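Notes follow once the structure below has been shown.
For the numbers below, each heavy atom of this structure counts, side chains included, while hydrogens, waters and symmetry mates do not. All of these numbers come straight from a predicted model, not from anything done at the bench. Just so you know, ligand 1 is whichever comes first in the structure, and atom 1 is the first atom listed for that ligand.
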Amino acid sequence: MKSYSIALIPGDGIGPDVTAAAWSVLQTAANHAGFALAGTEFPWSCKFYRDTGRMMPEDGVQTLRGFDAILLGAVGWPAEVPDSVSLHGLLLPIRKAFVQYANIRRHRLLPGVTGPLRAESFDILCIRENTEGEYSGAGGRVHQGTLDEVAVETSIFTRAGVERILRFGFEQARTRRGKLASVTKSNAQKYSMVFWDEITRKLAAEYSDVAVTSYHVDALAARMIMAPESLDVVVASNLFGDILTDIGAAIQGGLGYAASANINPDRSAPSMFEPVHGSAPDIAHLGIANPIATIWSGAMMLEHLGETAAAGRVMKAVEATTARGIGTAPGKDRTEAITAAVVAALT
Ligand code: GGG
């Protein structure tokens, strides 16, 4: 029987609840489809940081390299570890080390879920550059705590990095409705974002079958709310993509439905799958976290592993569950009840 090795990093807050939920759904799907998922759990989290002074061991990335994929819950416990420490100690190093340069987030309404907009028939694929840009981590502070203090944070955009994410976006657009929105703020940011626009134009000539529009990020943010049905594939830098996909999550009913995949398109290292949401400390340990975003992320993982039929079955089970009104409003159904309904729909 074919078997895939999966690294499980449940993380903090609601992370363990939603990861366990998704894992039981994925195990059921694997059993039915006749393949195995062998999970190895890692306790890397803010608690691990408290105990060891690190979010993951020094050789953590090396340890993960041997796995077929990584399923991650949520990271962050700001009451004890600053978010800048937890993010830069776990999620970002994994994305960068494994060249997971394409962060994919799809925004559409699941059956039975009501979003805040009148528009219901939108389906947007946001592709966020995931290894450089505003999240490069280049910068520093001097004269800390004095009136002369200076803080500098430099965004880094490389030709290779911008070209590969745009190319990925063009390829995705080809498999969908053939429309690409390239997002910058090139009127204000006259070096990096003008550079991005130039590369967009260069590639547009190569992909003449894709209709490309360049938007400023503020205009695109408004469009996601006012006319989401007009958008197909959206490609944006690391920070802009992060912000826009929170709008995407909001219009699809909330963060509980927003799934994501950190993809290494060359398959030279494992890809990582995680819900868009964070650790939600306010509802941690209450058993009411919505597991759908993580289950959907798990379906993306199956798809990436080549188990397309099983991925499709998981999504059909999720849709059958929400169509019955289960998991369709924050806090309405318990995590366990939503998970049980998805598992039942699979069997
Ligand atoms: N699901 C993982 C998680 O905890 N995400 C929260 C977060 O703030 N992530 C930062 C990012 O996606 O860049």
Under 6.0 Å from the ring centre and within 45 degrees of the ring axis: does the NZ or CZ of Arg95 meet both conditions for the six-membered ring of Tyr135? no
Would you check the N or O atoms of [X], main chain and side chain alike, for any that come under 3.5 Å of an N or O of ligand 1?
X	answer
Gly278	no
Glu274	yes
Gly73	yes

Taking [Y] as the starting point, is it possible to reach [X] by hopping between hydrophobic residues whose side chains are less than 4.5 Å apart?
X	Y	result
Met300	Ile94	no
Val318	Leu71	yes
Ile199	Tyr215	yes

When every non-hydrogen atom of Gly89 is compared with those of Met55, the smallest separation belongs to O-CB, 3.4 Å
Could you tell me, atom by atom, which parts of ligand 1 come under 4.0 Å of a heavy atom of [X]?
X	value
Val276	5 (N)
Arg105	12 (O)
Tyr135	13 (O)
Leu72	2 (C)

Return yes if a side-chain donor-acceptor contact under 3.5 Å exists between [X] and [Y], otherwise no.
X	Y	result
Asp197	Ser186	yes
Gln189	Thr184	no
Glu171	Tyr207	yes
Glu129	Thr131	yes

Going by the 4.0 angstrom heavy-atom rule, the piece of Leu87 near ligand 1 is side chain
Pick one of side chain, backbone, both or neither for how Arg95 approaches ligand 1, counting any non-hydrogen atom pair under 4.0 Å. side chain
Which residue from Ala258, Ser279, Ala74, Pro275 reaches closest to atom 1 (N) of ligand 1 through any of its heavy atoms? Pro275
Counting heavy atoms only, which of Asp83, Leu91, Asp246 is nearest atom 9 (N) of ligand 1? Leu91
Taking the inter-plane angle between the rings of Trp196 and Phe157 on a 0 to 90° scale, is it parallel (under 30°), tilted (30 to 60°) or perpendicular (over 60°)? perpendicular
Write out the residue and atom name of the closest protein heavy atom to [atom], then the distance separating them to 0.1 Å.
atom	value
atom 3 (C) of ligand 1	His277 O, 3.4 Å
atom 4 (O) of ligand 1	Val75 N, 2.8 Å
atom 13 (O) of ligand 1	Arg128 NH2, 2.8 Å

Is Met272 in contact with ligand 1, taking contact as a heavy-atom separation below 4.0 Å? no
